[in-house]
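Just below is one structure, and these are the notes that go with it.
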Amino acid sequence: MTHQNHRTGKLPHDPASFWRADVEFPEFPSLQEDLQVDVVIVGAGITGITSAYLLVNEGLKVAVIEADKVLNGTTGHTTAKITAQHDLIYDEFIHNIGRSHARLYYEANSEALEFIKNTVEQHQIDCEFSVQDAYIYATTEKYARKIEKEAEAYETLGIEGGQVDSIPFDIAIQNALVMKNQAQFHPTKYLVHLIKHITEKGGLIFENTTAVNIETGEQPVVLTREERRITAKHVLTCSHFPFYEGLGLYSTRMHADRSYALAVKTKKKYPGGIYISADEPTRSLRSVMVDGEEIVLIVGENHKTGQGIDTMEHYKALEAFGEEVFGLDDIIYRWSAQDLITLDKLPYIGELTSGQPNILIATGFRKWGMSNGTAAALLFRDMIVGKDNPFQKLYTPSRFYANPSLKNFLVENANVVGQLIKGKLDSPKTTPEDLANGEGAVITLDGHRKGAYKDDAGELHIVDTTCTHIGCEVEWNSGDRTWDCPCHGSRFSFTGEVMEGPAEKPLQKYDYTMLDNLTSEDSGY
Ligand code: FES
């Protein structure tokens, strides 16, 4: 195994995902012409690729377009647990959406797990798939009680598992709950295999092809940034944050959450199983064997995107936890991931807006994208071929559960408004001269708020900090050296390029040497 950022005993300098290393990714051209297909799929992560796999198997003509490279978004930065144990959720679901819907959620995710398992077996995919028990543990009394409630919910819903006295780690726990026979795998190895199958069956895949709009109608048309048109009977938007919202108001119904991951070699042997803490800050654990080497993944430190402390501190906290629990020999990768959380914590999967059956969306997987993304693909397949699916109503984006959706709607949007105002009022004291090499910050330049990053060679990169989505102020993410938006999670490189939507346009760039010679009036900002 090659280690991209190897620095024994220290956090790697550059962020890079373990799942992107040592896997040969196929490459695809960008779309150069207009197309007519049965189904166009926007986004080449687990949802888009699994949907394409299922639909080419139905004999449909499918095109997948991806703004970046295949499997490089959330799917390339996951923990890759395949489980229906989505931290503490079933007790809450029973209260908020009812017992039968809570049970359906469990079934949808269990079926997704079964589908992945069968697909791995059927195609003999070498992707380190293994069945594991999943544990959630509490280290405080408050969360020990919540686990008790969750255990009661398992019993009510007939979920296989229950409370256990201990977990095999040096962590002082007060309670834990197991869900039996869950799984883990290597997601990109699995999906690269599905991609091969898709292309062998005539499916088309295009990289570096950004969808920017949809013309609705009987035959919707996806328009790309390069002004290509893809006409289809069905459009699937699987692009994490929807690139097209229609009248679905998704920006007001989701928030983005960022979490951090380390891939480490440990002194102590990993005892098997997949784990997550119920308490804050979250700690999530699993291991993976690669070439006979055991690698442990330590994930957690979630916070709203653009609203955390200095992001390197999150990696350091995971490092300290790993050191305490396992003893660390080496940290070989570090990366962060972004997830979208809906108002009621259920993903939005189905018609983008009700009454529009030919434009479907899947988003808001709340960190559990391996199972929910696969469940979305299975649902899409059934909706397109006209087969009943028991989970369609559960996931439909037009649902509305007054509790907790209404309260969360108000909280989320108050948060966005708060961020919008707060960003405008902040007047940072930092100036470009204060920045060391490799450092970034929001600065004040000629009385105006700007974003500045001084690279390792001392060159300054200055951008306007106003997000091009709807105008919140981006914040510096020191761990990834990106500008992150606290409102809906758009992320930009230090040069201002869009790395993650919903924003489509780059941040405005400024040339510092030119700025230096101009007054603020001359420079027009
Ligand atoms: Fe919506 Fe930035 S992502 S304002």
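Along the sequence shown, residues carry numbers from 1. Counting starts at 1 for both ligands and their atoms, following the listed order.
- Atom 1 (Fe) of ligand 1 does not have C467 among its coordinating residues (no N/O/S atom, backbone or side chain, under 2.8 Å).
- Judged by distance alone, the side chains of Y105 and N372 do bring a donor and an acceptor atom under 3.5 Å apart.
- Between R225 and E504 no salt bridge is recorded (no basic side-chain N to carboxylate O distance below 4.0 Å).
- S371 and H86 are linked by a side-chain donor-acceptor pair at a separation below 3.5 angstrom, with hydrogens and angles left out of the test.
- The residue from C485, C472, P486, A256 that puts a heavy atom closest to atom 2 (Fe) of ligand 1 is C485.
- Less than 4.0 angstrom separates some heavy atom of S490 from each of these atoms of ligand 1: 3 (S).
- Looking at H469 and atom 1 (Fe) of ligand 1 together, the shortest N, O or S contact belongs to ND1.
- Under the 3.5 Å distance criterion, with hydrogens and angles disregarded, a donor-acceptor pair is assigned to the side chains of S284 and K81.
- When the N, O or S atoms of H488 are ranked by distance to atom 1 (Fe) of ligand 1, ND1 comes first.
- A salt bridge does not link E319 with K316: every distance from a Lys NZ or Arg NE/NH1/NH2 to an Asp or Glu carboxylate oxygen is 4.0 Å or more.
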